[in-house]
Number of protein chains: 2
Amino acid sequence: MTATLHDIAERLGINICTVSRALNDKPGVGPKMRRRVTKVALEMGYRPNIHARSLTNKRTEALGFLSGMEISSFLSNAFYTGVFAGIESEARALNYALMFDSVAESLDLARGYMPKMLAEHRVDGLLVVGAMDEVFFKAIKASGHPFVVVDYHLPGFDMDTVTIDNRRGGWLATEHLIERGHRRIAFIGGTPLTHGNFAERLEGYQNALAAHGLPRDEKLVQEGEVIGGGESIMQILKRAPDVTAAVACNDINALNAITTLEKTGRQIPRDFSIAGFDDIQEAQTSVPSLTTIHIDRPAMGRKAVQNLVERLRAEHANPIQSVVIAPQLVIRDSTGAPPA
Amino acid sequence: MTATLHDIAERLGINICTVSRALNDKPGVGPKMRRRVTKVALEMGYRPNIHARSLTNKRTEALGFLSGMEISSFLSNAFYTGVFAGIESEARALNYALMFDSVAESLDLARGYMPKMLAEHRVDGLLVVGAMDEVFFKAIKASGHPFVVVDYHLPGFDMDTVTIDNRRGGWLATEHLIERGHRRIAFIGGTPLTHGNFAERLEGYQNALAAHGLPRDEKLVQEGEVIGGGESIMQILKRAPDVTAAVACNDINALNAITTLEKTGRQIPRDFSIAGFDDIQEAQTSVPSLTTIHIDRPAMGRKAVQNLVERLRAEHANPIQSVVIAPQLVIRDSTGAPPA
DNA sequence: TTGTAGGCGTTATCAA
DNA sequence: TTGATAACGCCTACAA
């Protein structure tokens with residue numbers, strides 16, 4: 001079907017390994033011969049068989065992408081798909097194929113089950129996005145496959161990560177509201193609020209309040225469901241009617257809160273200011289558009305691939321790297337001065 | 001690192017090929033021996049090396065996923081990601097790995113460039129989603145790789161497809177509005193409107209009008225940009241102020257039109273009815289929720305994989321299959337009777 | 001600079 | 001029922 005090294009060698013009346021050397025830019029082939037080989041290879045449409053190559057190489061030139069979420073949850077999450085876009089393009093740029101897998105919950109990780117991608121297709125390395133069970137990380141580490149984790153970090157576990165500076169983001173959003181003149185600022189949380197991204201954003205919010213001499217008030221913080229921003233803000237307003245602004249743990253909650261507040265007759269930002277987190281697409285297109293914390297999601301994905309490939313290509317063991325991506329405040333129409 | 005057939009054979013003091021036969025459920029191994037082999041294989045954590053296998057097999061147990069769009073456009077399109085979710089889960093269920101690739105525009109298909117996934121990793125078959133250049137299909141067909149195309153069909157080109165019955169969908173939406181009492185119904189189009197999905201939906205709309213004895217009026221049809229539903233409907237209303245309802249070529253346009261109409265003081269559905277197409281998530285959550293045409297997107301993806309794998313496993317050449325998925329009308333809050 | 005030989009892990013063909 | 005041998009396509013010592 002496809003031409004092989006053998007075919008090329010035969011056609012030129014030379015040995016296979018000369019062809020191999022010529023095409024792989026290895027020393028030991030004269031320039032004339034190299035040109036002849038290259039020319040014929042092109043003519044015959046030669047493409048290497050990666051499987052054959054991997055047998056001796058131990059390298060498959062493929063990376064694995066693994067998400068711990070159900071595939072549909074993953075795909076409907078703009079944050080993760082943004083990261084994935086970056087991963088995909090960078091992998092291609094670095095000449096790696098990308099295998100996609102989502103770890104079904106049914107997967108018996110505890111029994112040491114390894115995804116087929118890893119155990120049988122033997123991808124060179126793994127990109128893990130989002131939270132995953134510790135058992136999984138242990139198993140994968142034991143397997144010796146290099147991996148980089150995006151947007152998740154298991155405390156006390158050595159792994160390459162690319163994460164967001166959530167505290168900084170929470171700080172930026174809060175400080176922005178303070179600068180606009182707000183003094184009573186709520187935090188619309190998500191689940192869980194005890195650890196992970198949301199907890200860190202909450203911390204940033206609290207730190208910013210403290211830094212500006214504003215008192216911490218538990219009544220102003222509401223844990224909530226993923227898209228329950230509307231309910232959360234209503235709860236908070238019941239407890240503290242003097243609140244004039246809120247930082248939401250993400251844009252979904254923020255937008256939901258805005259919708260709900262508008263239904264109660266409040267105008268945004270005239271009567272109430274809200275800042276989100278993530279800068280999803282709707283943050284731009286919604287009315288009013290949403291002040292939020294922007295994260296360069298594709299950049300996170302690209303960075304993860306770069307680090308992974310760097311590790312793969314390194315001669316010697318490299319130190320573990322934790323890359324923290326700085327978020328940026330994007331000021332739009334949902335925040336303004338507090339009502340007089 | 002990992003146990004090989006050789007290791008198992010050595011441990012049992014038998015020959016490699018007996019082990020191979022035993023583990024692959026091939027005849028020619030006694031039941032006792034088979035059990036012994038299976039047991040040891042499990043103990044040693046044996047997993048086959050697919051690359052080695054593929055060398056003799058010619059099968060890589062991997063499918064390729066290919067999208068003709070830029071990766072970010074693909075990921076932000078709920079229709080396509082829904083299809084992808086179905087593809088991913090079905091591929092896994094059928095024990096195939098999935099390689100992901102998006103064809104960059106820079107790809108010189110005209111020169112017969114084949115994606116690395118195909119030419120070097122040699123996936124067994126290909127899932128193509130959405131429109132793609134004819135050159136590409138020709139090249140891939142010439143390469144002999146089986147492929148199934150979702151949501152696209154190149155006229156006069158033999159290929160397995162899974163598509164939507166767009167005419168039926170357009171018909172259903174239009175008929176629904178007619179049944180509600182509307183007589184002057186607009187069509188909010190997209191680009192292109194001369195061929196492809198949108199054209200077929202438009203046809204369905206026209207057929208429904210004709211079947212119910214309503215005149216065709218070019219003034220009621222507006223081609224438009226992908227998210228320009230609002231502008232489109234305003235154009236139409238300028239030309240034909242007596243319009244009381246509209247079928248949009250997709251939900252994005254429908255939702256955009258609703259937002260715009262509400263800004264002009266119209267209430268939906270009291271003053272104007274709008275039906276969409278696709279049933280994206282926002283169709284459920286928007287206010288008012290959107291009457292639309294639902295398509296089981298994951299089912300389309302699953303079906304595509306099933307057909308592809310069927311073809312791969314078939315002993316003899318199978319006939320080309322065109323699967324057409326029936327859409328369903330979902331009645332929500334954006335459609336009602338025309339104003340009195 | 002080029003060729004020879006062996007091996008990567010698996011399957012298939014043939015012989016025992 | 002089992003074993004020996006060759007082959008898949010490529011790479012890497014090593015020898016010429």
Side-chain angles (χ1 to χ4, degrees), chain A residues 1-38 40-41 44-62 95 97 116 118-124, chain B residues 1-38 40-41 44-62 95 97 116 118-124 313 315:
Chain A
M1 187 74 75
T2 318
T4 68
L5 288 186
H6 182 83
D7 300 331
I8 300 176
E10 200 170 41
R11 168 112 155 242
L12 285 166
I14 61 174
N15 191 281
I16 274 192
C17 73
T18 304
V19 180
S20 171
R21 281 193 284 254
L23 294 178
N24 289 312
D25 286 323
K26 299 240 164 128
V29 187
K32 250 193 305 189
M33 177 61 93
R34 178 155 301 182
R35 256 177 317 219
R36 281 179 64 203
V37 171
T38 317
V40 170
M44 301 180 76
Y46 171 78
R47 298 288 289 269
N49 180 332
I50 292 196
H51 302 103
R53 178 181 283 172
S54 80
L55 232 41
T56 52
N57 253 356
K58 303 308 188 192
R59 275 177 268 114
T60 60
E61 302 175 41
N95 215 13
K116 185 175 162 111
L118 214 63
E120 305 186 4
H121 286 276
R122 323 236 163 150
V123 291
D124 291 335
Chain B
M1 187 73 78
T2 318
T4 66
L5 289 186
H6 183 84
D7 300 330
I8 299 176
E10 200 170 41
R11 168 113 154 240
L12 284 166
I14 60 174
N15 191 280
I16 274 194
C17 71
T18 304
V19 180
S20 172
R21 280 193 284 253
L23 294 177
N24 289 314
D25 287 322
K26 299 237 163 131
V29 188
K32 252 193 305 191
M33 177 63 93
R34 178 156 299 179
R35 257 177 316 220
R36 284 179 62 203
V37 171
T38 317
V40 171
M44 302 180 74
Y46 171 78
R47 297 288 290 269
N49 181 331
I50 291 196
H51 303 102
R53 179 182 281 171
S54 81
L55 230 44
T56 54
N57 251 355
K58 306 304 190 196
R59 275 178 267 113
T60 59
E61 302 173 40
N95 215 12
K116 184 175 162 114
L118 214 62
E120 305 187 4
H121 287 276
R122 322 236 165 153
V123 292
D124 291 335
R313 293 184 178 163
E315 296 290 321

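Letters go in sequence order (proteins before strands), and every chain restarts at 1.
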Which heavy-atom pair separates B:Arg34 from B:Arg21 by the least distance, and what is that distance?
NH2-O, 3.9 Å
Counting C-beta onward and ignoring hydrogens, is there a side-chain heavy-atom pair between A:Asp7 and A:Thr4 closer than 4.5 Å?
yes
To the closest 0.5 Å, what do you measure between CG (A:Leu118) and CG (A:Asp124)?
10.5 Å
Summary of protein contacts for nucleotides 7-16 of chain C, nucleotide by nucleotide, where a base hit scores B, a sugar-phosphate-only hit scores S (4.0 Å, heavy atoms)
BBBBBBB---
Backbone of B:Cys17 reached by a side-chain donor or acceptor of B:Asn15 within 3.5 Å
yes
Bounds of contact between DNA chain D and chain A, in 5' to 3' order, using a heavy-atom cut-off under 4.0 Å
D:dG9 to D:dA13
Given 3.5 Å as the limit, does a donor-acceptor pair link the side chain of B:Lys116 with the main chain of A:Asn95, or not?
yes
CG of A:Leu5 to CG of A:Asn49: how many Å apart, nearest 0.5 Å?
9.5 Å
Backbone N or O of A:His121 within a donor-acceptor pair of the B:His51 side chain at under 3.5 Å?
yes
